[in-house]
There are 2 protein chains.
Amino acid sequence: MEAPKQEQGEPARLPTIKDVAGLAGVATSTVSRALSNPDRVNRRTRERIEEVAARLNYVPSSQARGLSSGRTNAVAVLVPDITNPFYFDIIRGTQHQLKAAGFTQLLVDTEESSEMELDALHKMRRSADGFILAASRLTDAELAEVSGTQPLVTINRASAIAPSVVIDTPSAIIQALEHLASLGHQRVCYVSGPPTSWSNHMRWKVFEEESAHRGMDAHRIGPFVPKTTSGAAAADAAVRTGATACIVFNDLLAIGMLQRLRERGIRVPEDISIVGSDDIFGADFCNPPLTTIASPIEQAGRVAVSMLLSQLNPTPGRSSRQLAVMPTHLTIRASTGPAPAQA
Amino acid sequence: MEAPKQEQGEPARLPTIKDVAGLAGVATSTVSRALSNPDRVNRRTRERIEEVAARLNYVPSSQARGLSSGRTNAVAVLVPDITNPFYFDIIRGTQHQLKAAGFTQLLVDTEESSEMELDALHKMRRSADGFILAASRLTDAELAEVSGTQPLVTINRASAIAPSVVIDTPSAIIQALEHLASLGHQRVCYVSGPPTSWSNHMRWKVFEEESAHRGMDAHRIGPFVPKTTSGAAAADAAVRTGATACIVFNDLLAIGMLQRLRERGIRVPEDISIVGSDDIFGADFCNPPLTTIASPIEQAGRVAVSMLLSQLNPTPGRSSRQLAVMPTHLTIRASTGPAPAQA
DNA sequence: CAACTTTTGGCAAACGCTTGCCACTGATGT
DNA sequence: ACATCAGTGGCAAGCGTTTGCCAAAAGTTG
């Protein structure tokens, strides 16, 4: 494949603010202001400058801009696992909102590791104006330290320390248990995810309390890596508890369980009911379609961006919001059904 | 939520190369070289500098670096639809490889629009060293123009113009038709995707040729927006052609069709066989699991990055590769089966 | 019309780094 | 002993913006 390398004859130097200034007959400072601070300059001048800029196809260098202004117009979004559809939804949300605000999104996969998370936070502190931490794996202390240094907002990780947007887990778990109770389930099991996950912790806590409150028999298994591949182990463990219904840390794991149960000939929902969480892509068309705790994840991403941005340039009047709670609702599909008759 | 705003007392100016130079007793230029061009400096000096840098927790400003060196160490990845799992796989691949090479990934959603694509290409030409265009919607002319200006590689869009990595579509379609033929299908249908998609174009071309070659009766329907929501229309149209088997532009659409067919009580594969394309997340657990044309998409992303990087700093010896073809294979699951007996 | 106050635009100093060029030091070759 | 040279390190000129400060111009007021 020796395709001809087409070389550019002209190095085609990109036009700079200087070129614009020259052609418009003003100083570079005026061009700078005309473009980023329009009121600071006479309308006529501004229009002339804009015209020249457009003609030259001028695009300011974000590098230079960042260097002199101290702002980068970029926000880093840190997710534990870029592979997980759940985060895709968040990424979609942040991407959308950031773009709307003229910001660039820097996507980072922290691979479920708090070290990588800290490292990224540190390495990028110069290249991003702020951070969005999705499902942070940081300890409270670490979070506090980082939060003191740079603007950030967390998703699915509440703390008094940093602004955060969280899913209304308690309500979700309660809804799910209510649903299961109404189907006659008595022996229920929580299938847990990563031990470092705050939301996993929350879910179990509420699960435990609420099932006790309803006089249900609560089990817990795990932790499991929240991937479909861990579903087999989770399914086997779940069956072993004798529970007739499971609430699973997330849909990925739940879908994996579904597959395993099917392999083992255990019918869902006739033999065991499964409730997932997050309503990710695929939850509606797996087999059987998954009953799951749905929440507006993409919107969570958007809200997080809004909170971050209002933190970046604070409106003197009102202080920016410190906590946003996203509503949840149970989406009932075919993976939950009446509890099997007593054996 | 009036949480106390914790203000930083000390502005905590980040250490610069100057600070490091000061403490190490050398000039900034030496620090710069020690850090980015280690051989240019004495080992002892370098070690001292490194020690100081580590102690100060120094991180070079990518902005300043970029400004003076002309390189940004960032690559922009443009995808038509960030919502589509297919691109997630690509993004995963590029992300992984870029990170390994110390590059930052700038993710852009072009929303299936060639205008947005061109715009991004233009606006970001200063902030990225190169571009990866996944399933570009650009015309040949546009692509040629852009390619002349900045380093880029395309994925799933071959052209003599720019380096590209493509999926081996012909082989894939042939395999699929072979599979269908061996199941006794005679009347087959191609369900097409976006008209601006090069790969869609290719698939149909090969489909047409190969089915003619095999004496099969080839139909074509569409174009459809490649999302599950278009599946219903596609399914209805497909049924109407009387075809007993469909090859579908992508899995998203195929999964949507599966759902619709199920609703209509048309059995897959007993009444009609469906072959998807891409083997995205979900293709293995939908109902029925989808027979699909699988290819190493994530790897395609990685290869694209490699090609781009070798284009960025060319090795004098060998010219960088202009085309990479990713192998494909048919993953047979449960959505294809013997053709129904003649009506 | 003088004395102010706004508006508007220019000057030049950063911002933090890279890099071409030069100078110095020892080592090597003759 | 002298010229040469590779290895090191410093100087200073950028890179393309923003922005504080100042001055000229234009508008307002009494």
Side-chain angles (χ1 to χ4, degrees), chain A residues 11-50 52-53 56-74 102 123-129 313, chain B residues 11-50 52-53 56-74 102 123-129 313:
Chain A
R13 197 179 57 78
L14 296 174
T16 75
I17 203 175
K18 235 172 186 164
D19 302 317
V20 179
L23 259 75
V26 296
T28 62
S29 50
T30 309
V31 176
S32 171
R33 283 192 275 256
L35 263 29
S36 51
N37 201 349
D39 297 330
R40 186 58 221 293
V41 86
N42 186 296
R43 212 186 97 198
R44 300 263 303 281
T45 323
R46 169 160 50 84
E47 279 168 357
R48 184 154 38 92
I49 291 175
E50 278 166 350
V52 174
L56 288 188
N57 240 309
Y58 168 72
V59 178
S61 149
S62 51
Q63 313 254 29
R65 208 191 270 255
L67 188 53
S68 63
S69 70
R71 278 168 277 101
T72 62
N73 261 259
K123 293 264 176 66
M124 306 185 77
R125 65 190 201 274
R126 268 238 176 63
S127 21
D129 291 339
N313 28 15
Chain B
R13 195 179 58 76
L14 297 174
T16 74
I17 202 174
K18 235 172 184 163
D19 302 318
V20 178
L23 260 75
V26 295
T28 61
S29 49
T30 306
V31 176
S32 172
R33 284 193 274 256
L35 264 30
S36 50
N37 200 348
D39 297 330
R40 186 56 222 292
V41 84
N42 187 296
R43 212 185 99 197
R44 298 266 302 281
T45 323
R46 170 159 51 83
E47 279 168 357
R48 182 154 38 93
I49 291 175
E50 278 166 351
V52 173
L56 289 188
N57 238 311
Y58 168 72
V59 177
S61 149
S62 51
Q63 314 254 27
R65 208 189 269 252
L67 188 53
S68 60
S69 71
R71 277 168 277 103
T72 62
N73 262 257
K123 293 263 177 64
M124 306 184 77
R125 65 187 200 274
R126 267 239 178 59
S127 20
D129 291 339
N313 28 16

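Each chain gets a letter, A, B and so on, in the order the sequences are listed, and its residues count up from 1.
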Measure the spacing between OG1 of B/Thr30 and CZ of B/Arg46 and express it to the nearest 0.5 Å.
13.0 Å
Nearest-0.5 Å distance, OG of residue B/Ser62 to CG of residue A/Leu67
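Rounded to the nearest 0.5 Å, the OG-CG separation comes to 10.0 Å.
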For B/Arg43, side chain to side chain donor-acceptor pair (under 3.5 Å) partners two or more places apart
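For B/Arg43 the side chain to side chain donor-acceptor pair (under 3.5 Å) partners, ignoring immediate neighbours, are B/Glu47.
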Considering residues at least two apart in sequence or located in another chain, which fulfil the side chain to side chain donor-acceptor pair (under 3.5 Å) criterion with A/Arg125?
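Side chain to side chain donor-acceptor pair (under 3.5 Å) list for A/Arg125, sorted by chain: A/His122.
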Whole-Å distance between D/dG7 P and B/Arg46 CZ?
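It is 14 Å, rounded to the nearest whole Å.
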State which residues pass side chain to side chain contact (heavy atoms under 4.5 Å, CB included) with A/Asn42; sequence neighbours excluded, sorted by chain then number.
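A/Arg44, A/Thr45.
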Locate the shortest heavy-atom distance separating A/Ile49 from A/Ala34; write the atom from each residue and the value.
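Of all heavy-atom pairs spanning A/Ile49 and A/Ala34, the closest is CD1-CB, 3.7 Å.
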Which atom pair, heavy atoms only, marks the closest approach of A/Arg126 to B/Ser61?
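Minimum heavy-atom contact is CD-CB, 3.3 Å.
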Using a 3.5 Å cut-off and no angle test, enumerate the donor-acceptor pairs between side-chain atoms of residues 17-29 of chain A and protein atoms at least two apart in sequence or in another chain.
from    : atom 1 : to      : atom 2 : distance (Å)
A/Asp19 : OD1    : A/Arg13 : NH2    : 3.3
A/Asp19 : OD2    : A/Arg13 : NH2    : 3.4
A/Asp19 : OD2    : A/Thr16 : N      : 2.7

Once side-chain hydrogen bond (donor to acceptor under 3.5 Å, both in side chains) is applied, what residue pairs with a partner in residues 63-72 of chain B remain, sequence neighbours excluded?
B/Thr72-B/Asp129
Kindly state each residue pair satisfying salt bridge (charged side-chain N to carboxylate O under 4.0 Å, His left out) with at least one member in residues 20-33 of chain A, sequence neighbours excluded.
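Sorted pair list comes back empty.
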Which nucleotides of nucleotides 13-23 of chain D have their base under 4.0 Å from a protein heavy atom (B), which only their sugar-phosphate (S), and which neither (-), written as one string 5' to 3'?
-BBBBBBB---
Could you list where the contact with chain B starts and ends along DNA chain C, reading 5' to 3', using a 4.0 Å heavy-atom cut-off?
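Range of nucleotides touched by chain B: C/dG16 to C/dG20.
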Angle of first-five versus last-five pair axes in the helix from C/dC1-D/dG30 to C/dT30-D/dA1, to 10 degrees
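That helix has its two terminal axes inclined by roughly 30°.
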Just checking A/Thr45: base, sugar-phosphate only, or nothing, at a heavy-atom cut-off of under 4.0 Å?
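It contacts sugar-phosphate atoms only.
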